[in-house]
Amino acid sequence: MITRIDLRGRSLSRRELLDELPRAEVDVEHAAEIVAPLLAGVRARGAAELRDLAERFDGVRPEHLRVPADVIAAAVGVLDPAVRAALEETIRRVRQVHGAQRPADFTVELAPGAQVRQRWVPVRRVGLYVPGGLAVYPSSVVMNVVAAQAAGVGSLAVASPPQKDQGGLPDPVVLATCALLDIDEVYAVGGAQAVAMFAYGAVGTEEVDGETLCEPVDVVTGPGNVYVAAAKRLVRGIVGIDAEAGPTEIAILADGTADASHVAADLVSQAEHDPLAAAVLVTPSVELAGAVEAKLVDRVDATMHRVRVTTALRGEQSAIVLVDDLEQGLDVVNAYGAEHLEIQTVGAAELAERVTSAGAIFVGAYSPVSLGDYMAGSNHVLPTGGCAHFASGLGVHSFLRAVQVVEYDADALAEVADKIVALADAEGLPAHGEAVRARF
């Protein structure tokens, strides 16, 4: 069901650990070769290309690439009341957390009349992508939209794949979620072509589109498959992106006190996303490892997506990693840099403070990843593939720019004028110094 990797009794360097640990092979470069002509087609042909690609990949040719506002509003009326209540609570919690994320402006007085201010400015417009392949993700609508709204972004557009059984419209729960968030600019466009539409904009080609179907954005965010990741790589620099998101990952650091049923359930919960999803247990307890393996058999047999889950657990990206103790386990999870890291140990909170690489950390037996996916208030758009070593999850900061404002008066500039001239001359740029001297 799942491979074992035994690191006990071995002292490994960071490089050696990375070689030993499981990770899915995702060939973004190959995907980029496939995606590049699609992006060029959208840039050149706009809405016509988007309809052709929808017919090719989604099996339906949307009449309305931009979903009519009344259709979005009407989706709330047919939303299951229990789902609506859950979405509204998720929105409330995510707003509360993200409202506290915005960094503060500051002013530094370096000397009388010498001031540097820094203010945070939201980007003008963002494009938010919501997948709709193996599953649909209204929760991702919440995570992307609320973070952008909390940052103060003035113009938000959402794209999600057209569904054949919905007459070419996105999933109705996705539309209803947009309505709950007051988003009325939604496109029935999926995959890499949605990224292209956001990056380049798209001209209209039918009367229903108008002259311009979609204006270009400044930042594109949201999860997706390898082709979405490849498209983001190709448009980076034209627009900002959140990350090249790969298949989802869960790592669990657990000791012998962990409940094997909890651990197995959490591994399966992420494995159901994708056949390439990674599920990794790191433990010093051989007994726990054996108990989890046994529980996985029952869990997988009973789960809805058993084929997908089985493929993920048996893949090279998933494993049970045996370590000597929790210290070695901590080294392993820090080297791995999981998208989601659960800690189910004695002293879990203290261990969590020593984690240096993880997209999000879930502490204790009652903080499963599923909580973060939906209701914790945190953001579930997180770095994958080891990117947690240098990248953060999606948040208010993803939509802000720091702008520094410099204001000196004559006396303040005069005080440092000679030093500026000295540095300018040392760098062989005398005109820099002359620009200061010209003022006195």
Side-chain angles (χ1 to χ4, degrees), residues 42 46-47 50-51 54 58 60 62-80 83-88 90-92 94-95 98-99 122-132 136-163 166-190 193-222 239 381 394 396 398-399:
V42 172
L50 292 171
R51 286 190 173 88
D58 303 303
V60 62
E63 177 187 357
H64 295 278
L65 287 168
R66 179 166 177 172
V67 180
D70 61 334
V71 173
I72 300 170
V76 177
V78 296
L79 186 62
D80 183 314
V83 175
R84 177 170 182 165
L87 283 167
E88 288 175 338
T90 294
I91 291 167
R92 186 188 72 79
V94 175
R95 283 202 195 285
H98 288 68
V123 298
R124 177 190 59 86
R125 175 168 163 81
V126 301
L128 312 174
Y129 181 64
V130 181
V136 293
Y137 295 98
S139 57
S140 285
V141 180
V142 177
M143 301 298 169
N144 282 273
V145 169
V146 169
Q149 288 176 334
V153 175
S155 176
L156 284 76
V158 171
S160 194
Q163 305 293 315
Q166 297 296 328
L169 294 170
D171 178 80
V173 183
V174 168
L175 294 179
T177 307
C178 289
L180 291 173
L181 292 161
D182 296 321
I183 300 298
D184 62 6
E185 186 180 351
V186 183
Y187 295 90
V189 179
Q193 55 269 34
V195 176
M197 178 187 72
F198 284 145
Y200 304 125
V203 296
T205 54
E206 296 185 11
E207 185 175 349
V208 70
D209 302 331
E211 185 176 340
T212 298
L213 173 70
C214 180
E215 293 286 356
V217 305
D218 300 314
V219 173
V220 176
T221 70
V239 292
V381 182
L394 190 73
V396 171
S398 305
F399 305 102

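Counting from 1, the numbers follow the sequence of the chain as shown.
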Q.
If you define the side chain from C-beta out and look only at heavy atoms, does anything of C214 sit under 4.5 Å from Y200?
A. no
Q) Are R92 and V146 close enough that some pair of their side-chain heavy atoms sits under 4.5 Å apart? A) no
**Q.** Separation of L169 CG from L65 CG (nearest 0.5 Å)
**A.** 10.5 Å
**Q.** Sub-4.5 Å side-chain heavy-atom contact between V126 and T221
**A.** no
Q) Short question: side chain of E88, backbone of A85 - any donor-acceptor pair under 3.5 Å? A) no
Q: Indicate the atoms forming the closest heavy-atom contact of A202 with G46, along with that distance.
A: CB-CA, 4.1 Å
Q. How close do V42 and M197 get, heavy atom to heavy atom, and via which atoms?
A. CG1-N, 3.9 Å
Q.
So V186 and V174, do their side chains get closer than 4.5 Å, heavy atoms only?
A. no
Q: Please tell me if the side chains of P170 and V67 come closer than 4.5 Å, counting only heavy atoms from C-beta onward.
A: yes
Q: Say whether, by atom type as modelled, one donor and one acceptor occur between the side chain of R51 and the main chain of E63 under 3.5 angstrom.
A: yes
Q) About how many Å separate CG of D184 and CG of L156, when rounded to the nearest 0.5 Å? A) 10.5 Å
Q | Straight-line distance of F198 CZ to L128 CG, nearest 0.5 Å | A | 6.5 Å
**Q.** Derivation and outcome, side-chain contact (heavy atoms from CB on, under 4.5 Å), residues R95 and Q149
**A.** CA-CA 9 Å; R95 283 202 195 285; Q149 288 176 334; 2.9 Å; yes
Q. Does the side chain of V141 come within less than 4.5 Å of C178's, by heavy atoms?
A. yes
Q: Locate the shortest heavy-atom distance separating V217 from V219; write the atom from each residue and the value.
A: CG2-O, 3.4 Å
Q: Indicate the atoms forming the closest heavy-atom contact of D209 with G204, along with that distance.
A: CB-CA, 3.5 Å
Q: May I ask you to decide if V60's main-chain N or O and D58's side chain share a donor-acceptor pair within less than 3.5 Å?
A: no
Q. So how far is it from L181 CG to I72 CD1, rounded to the nearest 0.5 Å?
A. 11.5 Å
Q: Kindly give the heavy-atom pair with the smallest separation between V130 and Y137, and that separation in Å.
A: CG1-O, 3.3 Å
**Q.** Inter-residue atom distance T177.OG1 - I91.CD1, 0.5 Å rounding
**A.** 6.5 Å
(Q) To the closest 0.5 Å, what do you measure between CG (L394) and CZ (F399)? (A) 4.5 Å
(Q) Is there a side-chain contact (heavy atoms from CB on, under 4.5 Å) between D171 and Q166? Walk through the geometry before answering. (A) CA-CA 7 Å; D171 178 80; Q166 297 296 328; 5.6 Å; no
Q) Should the pair R125-E185 be classified as a salt bridge under the 4.0 Å nitrogen-to-oxygen rule? A) yes
Q. If every non-hydrogen atom of P62 is compared with every non-hydrogen atom of A54, which pair is closest and at what distance?
A. CD-CB, 3.5 Å
